[in-house]
Amino acid sequence: MTLSTESLAGTGAWIKAMVDGWAHFSEEEDKLTRVFLSPEHKACAEAVKSAMRAAGMSARIDAVGNVVGRYEAEGHEDGATSAKTLITGSHIDTVRDAGAYDGNLGVALPIACIADLDARGKRLPFAVEVIAFGDEEGVRFPTTLSGSRTIAGTIDTAVLSVTDAEGIRLDDALKHFGCDPSAIAGEARKAEDVLAFVEVHIEQGPVLESEGLPVGTVTAINGASRFAITVEGMAGHAGTVPMHLRRDALAGAAEMIAAIEQRAAAEEGLVATAGRIAAAPGAINVIPGKVTFTLDLRAPADEQRRAAVASVKEKLQAIAKRRNLELDLELLYEEGAAACHPGLIDQLDAATQRQGIRALRLPSGAGHDAMALSALCPIAMLFVRCGGGISHNPLESITGEDAETAARVFLDFLEHFDPNFRPNFR
Ligand code: HGY
Ligand code: MN
Ligand code: MN
């Protein structure tokens, strides 16, 4: 296969401009917030669908709101018969006040690569699907990865009845988006049809920048457990209740959060975050009677994460008991650590080296749609350097040069892809 390295000239700026354009689809004027099944998600999905079609792919929005672009294999151009498929893509939903490149780069970059193949009239011996997943961040509903879990066939349809902060059910939001929730099961891919899932994503950390590298190959993705924690005490008059007679839910939660931080900081690789907290009734002169906060706990090994969850629960129960508080922990989401396939890691490294770049392997502390796809097929990820390792922050940034380099590596990977990394896979 001839390489197309020279034909990607200027692609970095094109990719960046596409992602920067999608960043205008936001619920807020001066910041980027695009949650699952929102009007701005719909507008962005339509723009992604158009970009996929312009790149020579067929494109549609599936039953769970994913945008699915497909570039047929050599000899299967009419789409009547389908060859085995390599899936790529990432998510287009964002956190609140987000950076533009988390997820979105992993949709725009493969689109640019397919556009290059299409411009050269080139087809590969396998089909390529680029999927823009709609629910990786899990910001709107108390669940996440519903898009990628649908493709993997692992989605629990009970999740369709969860509600967002306004009480809107997930299935009603899907119908409003123009989807048919009853068709979700039919979107699952068959394992025998899928060669691999390979995701391109910003690193969201400082390693590549510290190594002076534009790209890196991911070895594994940390597992994560997310909880909604409720602490209940007794609301009271801030002026009349002596300290030793209080059941202050917010002071209790504060001690709990400090204990969580201390537990995570004591162990290599373990990270824990209380990302959101709300205290009721929320008046300056009332002792808080009820607090809810979130916990996101991650580790490279599932055993380590499960042990940490157990010890955190013990610590919180001890604090609640001493302070005469009620404690409830609701598990919102749990996804095990996902290892990338060695055969894919080798092929990403080889593509990186063919492009004249030192191949570096690194783990992912962030979660990704690839975790869900690991239930369907072998996975791999190509990380792209981001400025200062900053992410989940409007300061998140990439350079056009790095986007172009990553596109060259990814296209090189596609054009050299050897499906035989999976022995006996036919
Ligand atoms: O939380 C994560 O790791 C991802 O950004 N959803
Ligand atoms: Mn993210
Ligand atoms: Mn992401």
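For clarity, every value in this text was computed on a predicted model and none was experimentally measured. All ligand and atom numbering here is 1-based and tracks the order in the structure.
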Locate the shortest heavy-atom distance separating [X] from [Y]; write the atom from each residue and the value.
| X | Y | answer |
| --- | --- | --- |
| G134 | N66 | N-OD1, 3.4 Å |
| R361 | T219 | CB-CG2, 3.6 Å |
| A127 | R70 | CB-NH2, 3.3 Å |

Under 3.5 Å, sequence neighbours excluded: what are the donor-acceptor pairs made by side chains of residues 371-386?
residue, atom, partner, partner atom, Å
S374, OG, M371, O, 2.5
R385, NE, L213, O, 3.4
R385, NE, D402, OD2, 2.7
R385, NH2, D402, OD1, 2.9
R385, NH2, D402, OD2, 3.3

Looking just at side-chain N and O atoms, do S38 and R140 make a donor-acceptor pair shorter than 3.5 Å? no
How are the rings of F36 and H41 set relative to one another: parallel (under 30°), tilted (30 to 60°) or perpendicular (over 60°)?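 Judged by the thresholds at 30° and 60°, the geometry between F36 and H41 is tilted.
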What is the ring orientation for H201 with H368, classed by angle as parallel under 30°, tilted 30 to 60°, or perpendicular over 60°?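 The rings of H201 and H368 stand perpendicular, inter-plane angle above 60°.
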What's within reach of the Mn ion (ligand 3), meaning protein N/O/S atoms under 2.8 Å?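 Metal shell, protein only: H91 NE2, D102 OD1, H201 NE2.
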Would you verify whether the NZ or CZ of K84 falls within 45 degrees of the ring axis of F126 while also being under 6.0 Å from that six-membered ring's centre?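 Not flagged: K84 not positioned over aromatic ring of F126.
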By side-chain contact (heavy atoms from CB on, under 4.5 Å), which residues pair with V271, not counting sequence neighbours? R298
Can you list, by chain and residue number, every protein residue with a non-hydrogen atom closer than 4.0 Å to ligand 1?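 Around ligand 1, where the cutoff is 4.0 Å for heavy atoms, the contacting residues are E136, E137, R226, R298, A366, G367, H392.
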